[in-house]
Amino acid sequence: MLVALPLVRHGVFLFTMVALVVTTAGIIGRPSSRYSFYALQFFVDMYAICTLLCFLPARIRRVLKCLMYATAYVLAITETFLFFRFNLNFSPTMLNLLMETNTGEASEFVTGCLHSTDFWRTLTIYGTILAINVFAARWGYLTWKGICRLLRVHRHERMRQLGFALRFVLVPAIALTGLSVGLMPWIREKRQIAEFLSNEHSRSAEHVSMHVFYTPFYRLLYSAHFLHIARMETERLIHRMDRLCVDSCAATCPNIVLIIGESYNKHHAQIYGYPAETTPHLARMARRGTLQVFTDVISPWNVTSQCFKSFLSTHSADQPGNWTDGVLFPCLFRRSGYKVAFVTQQFYRSASQGAIDFNGSFFLNDARTDSLCFDYRNARPIRPEASIPQLLTGFTPGRNNLYILHLYGQHMEYARRYPAGQAHFTPDDVQRPDLTAAQRAIVAHYDNATRYNDEVIARIFQHFRQQDALILYFSDHGEEVYDEDVGIYGRNHAPRPSAQILRGEYEIPFMMWGTPTFRRKHPALWQRIRAARQRPFSHDDLPHLLLGLAGIHTSYYQPERDLLHPDFRPQRRMVKDVVDYDLQRAQP
């Protein structure tokens, strides 16, 4: 049968390639636990290639097969060694660091590899596959024929029948089964890859599952294209920021502290009406009137990488264009004479960054952007998170300062977000009979993480207490914790979020705390803050609020988007660029 022809002619090539991919996936744990599914997808890949080889001239076919063999072995060996030695796989960050490596560093790396047991361990694994591959390709058929002659198999009618069945029944059955089961999923996966490769915006990285990049070659392709997109967007940003100007700066607020939380479901916060005492410190400050809690603030995204782009850029989600059509507000602050410190628990420069963290930080970790926006960056995170003010010990403040502190907050998994000895809630405290014991345990972990986050924020407040400072806290996005009708924990990435998903994942906590000195020196501003607590706001307009607080006048500042300005007007609050939050939440 013709359907079996690619397997009969190129069976060794096909099954060797599948073996390489399955071996690599089994070692580095990608993609997740769906090895059999993606082995089938790769079978369809290779069947298509083998079909093409059947139509090529013999000389071209041999050269092409040698090139594909060499590429597959080199990529498999490289990624496996990186995983054994550094616990890394092909990623945009890894590829970027590789491209920045100079000749001397590369020479030292190669020398280190040759002396590494992980390198020889890797060679042993793939050397064994290569030996079997070469033997099967060069002598496999002759060896089989020799054994048959030695055993005089060709004289037995049943053995001839068996050979006929193998060639004309079993092999076609394998081909037909693989194609019938895997073809439609294969088409869907390839469509996702094609859409990603044809897109020129980093947001496209959020719409494709990393599982579709299930081979070293696909992961390298993903990394290269992602890196290309990142460089294009960074160049557009730098082009604007190199030329921006500031008209004047009143430095109304000499010290502005911006605390960025992570995965905070405001409906699990005591200060937003949650029955459990998850925010005792913040609740006490709110009762005293030193903390102003805003009630109607949202995030336009539920992914950290997109959130950072939206609230750092002066471009807003309801405006046409892309986030790179604006400039980053820290750059405006530096041009205005403020010193800017950025302390992050996630976006420090590291080869182990995953694709999502890279998407959120590629523009921040670019050397040129970094020099334009920040006077100080931390090199590593700190644990426990309540110690985060210690990361500022290397920063020398100026007369006017902007501090940006990015927490790990309540990021999954929640049990890891608070010290083991500070578990305040147990599953029995979760009064949800509709949940299983395991689900109540997850809710308890989240509430414990929220309570610990309350302590982290309180310690940051205490660190700045003696200064003339205004501290703003908000979360990048929310989180599902088995609330309402969604029935999950984590986040739902549906292209058009429902009203229930908007409630848990896009409504965020937002609050301002003034030090005693700030409240005494700026009573009018403090009064404006108190009066604005009920106003509808989206954090993609944050730059305009901060520019107004600092008294920075520039063409990028829009007072109608400044939450505290007398000319403030509620804007259209867009979620994922496609959903009007207020219209969606108003639907029954």
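- How far CD1 of Ile404 is from CD1 of Ile259: 12.0 Å, rounded to the nearest 0.5 Å.
- Atoms OG and CE, on Ser263 and Met412 in that order, are 7.5 Å from each other to the nearest 0.5 Å.
- Between Asp296 and Arg585, no side-chain nitrogen of the basic residue sits less than 4.0 Å from a carboxylate oxygen of the acidic one, so the salt-bridge criterion is not met.
- A donor-acceptor pair under 3.5 Å is formed between the side chain of Arg491 and the backbone N or O of Asn302.
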(message) Show, in sequence, the C-alpha distance, side-chain angles and deciding distance for Asp375 and Tyr338, and conclude whether the side chain to side chain contact (heavy atoms under 4.5 Å, CB included) test is met.
(response) CA-CA 9 Å; Asp375 295 282; Tyr338 275 75; over 6 Å; no
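- Remark: the backbone N or O of Ala317 is paired with a side-chain donor or acceptor of Asp540 at under 3.5 angstrom.
- Other residues, nucleotides and ligands place more than 12 heavy atoms under 6.0 Å from the CZ atom of Arg383.
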(request) Could you go through the side chain to side chain donor-acceptor pair (under 3.5 Å) check for Thr426 and Asp429 one step at a time? (result) CA-CA 5 Å; Thr426 68; Asp429 296 318; 3.2 Å; yes
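- In the model, Thr278 has no side-chain atom that pairs as donor or acceptor with a side-chain atom of Asp447 under 3.5 Å.
- Side-chain N/O atoms of Asp468 and His522 include a donor and acceptor closer than 3.5 Å.
- Partners of Phe374 under the ring-ring contact (aromatic ring centres under 6.0 Å, His included) rule, at least two apart in sequence or in another chain, are Phe342.
- Aromatic ring pairs are classed by plane angle as parallel below 30°, tilted from 30° to 60° and perpendicular above 60°; the pair Tyr222 and Phe226 is perpendicular.
- Thr234 places no side-chain N or O within 3.5 Å of a backbone atom of Arg231 that could act as its donor or acceptor partner.
- Between Tyr581 and the options Glu507, Arg572, Lys576, Arg573, a side chain to side chain donor-acceptor pair (under 3.5 Å) holds for only Glu507.
- Looking at every heavy atom in both residues, Val340 comes nearest to Pro330 through CG2-O, 3.9 Å.
- No donor-acceptor distance shorter than 3.5 angstrom exists from the side chain of His539 to the backbone of Phe474, with no hydrogens or angles considered.
- When each of Gln345, Arg417, His477 is paired with Glu262, the side chain to side chain donor-acceptor pair (under 3.5 Å) condition holds for His477 and for no other.
- Ring orientation note: the planes of Phe395 and Tyr376 are tilted relative to one another, at an angle of 30° to 60°.
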(request) Could you please spell out the steps behind the side chain to side chain contact (heavy atoms under 4.5 Å, CB included) verdict for Leu237 and Leu372? (result) CA-CA 11 Å; Leu237 268 181; Leu372 287 168; over 6 Å; no
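- At distances below 3.5 Å, not a single donor-acceptor pair connects side-chain atoms of Arg219 with backbone N or O atoms of Asn89.
- Judged by distance alone, the side chains of Glu479 and Gln410 never bring a donor and an acceptor atom under 3.5 Å apart.
- Side chains of His281 and Arg284: a donor-acceptor N/O pair is present below 3.5 angstrom, by distance only.
- Annotation: Phe461 is not in aromatic contact with Phe464 [ring centroid separation under 6.0 Å not met].
- Side-chain contact between Pro570 and Arg535 is absent, with no heavy atoms from C-beta onward closer than 4.5 Å.
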(request) Kindly indicate, with the supporting measurements, whether the criterion side chain to side chain donor-acceptor pair (under 3.5 Å) is fulfilled by Gln306 and Trp323. (result) CA-CA 9 Å; Gln306 294 301 103; Trp323 69 281; over 6 Å; no
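- Inspection of the Tyr452 and His424 side chains reveals no N or O donor paired with an N or O acceptor under 3.5 Å.
- Within a 6.0 Å sphere centred on CD of Glu277, heavy atoms belonging to other residues, nucleotides or ligands number 12 at most.
- Ring pair Phe347/Phe308 is perpendicular by interplanar angle, where above 60° counts as perpendicular and below 30° as parallel.
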(message) What verdict does the salt bridge (charged side-chain N to carboxylate O under 4.0 Å, His left out) test give for Glu385 and Arg459, after you've listed the backbone C-alpha separation in whole Å, the side-chain angles of each residue and the deciding distance to 0.1 Å?
(response) CA-CA 10 Å; Glu385 190 157 70; Arg459 290 197 186 185; over 6 Å; no
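- Contact between Phe294 and Ile529 at its shortest, heavy atoms only, is CZ-O, 3.7 Å.
- Checking side-chain atoms of Thr314 against main-chain N and O of Gly326 turns up no donor-acceptor pair under 3.5 Å.
- Panel note: side chain Arg533, backbone Arg530; a donor-acceptor pair is recorded below 3.5 Å.
- Salt bridge annotation for Arg503-Asp483: absent, with no cationic side-chain nitrogen under 4.0 angstrom from a carboxylate oxygen.
- The closest donor-acceptor contact from the side chain of Arg528 to the backbone of Leu564 lies under 3.5 Å.
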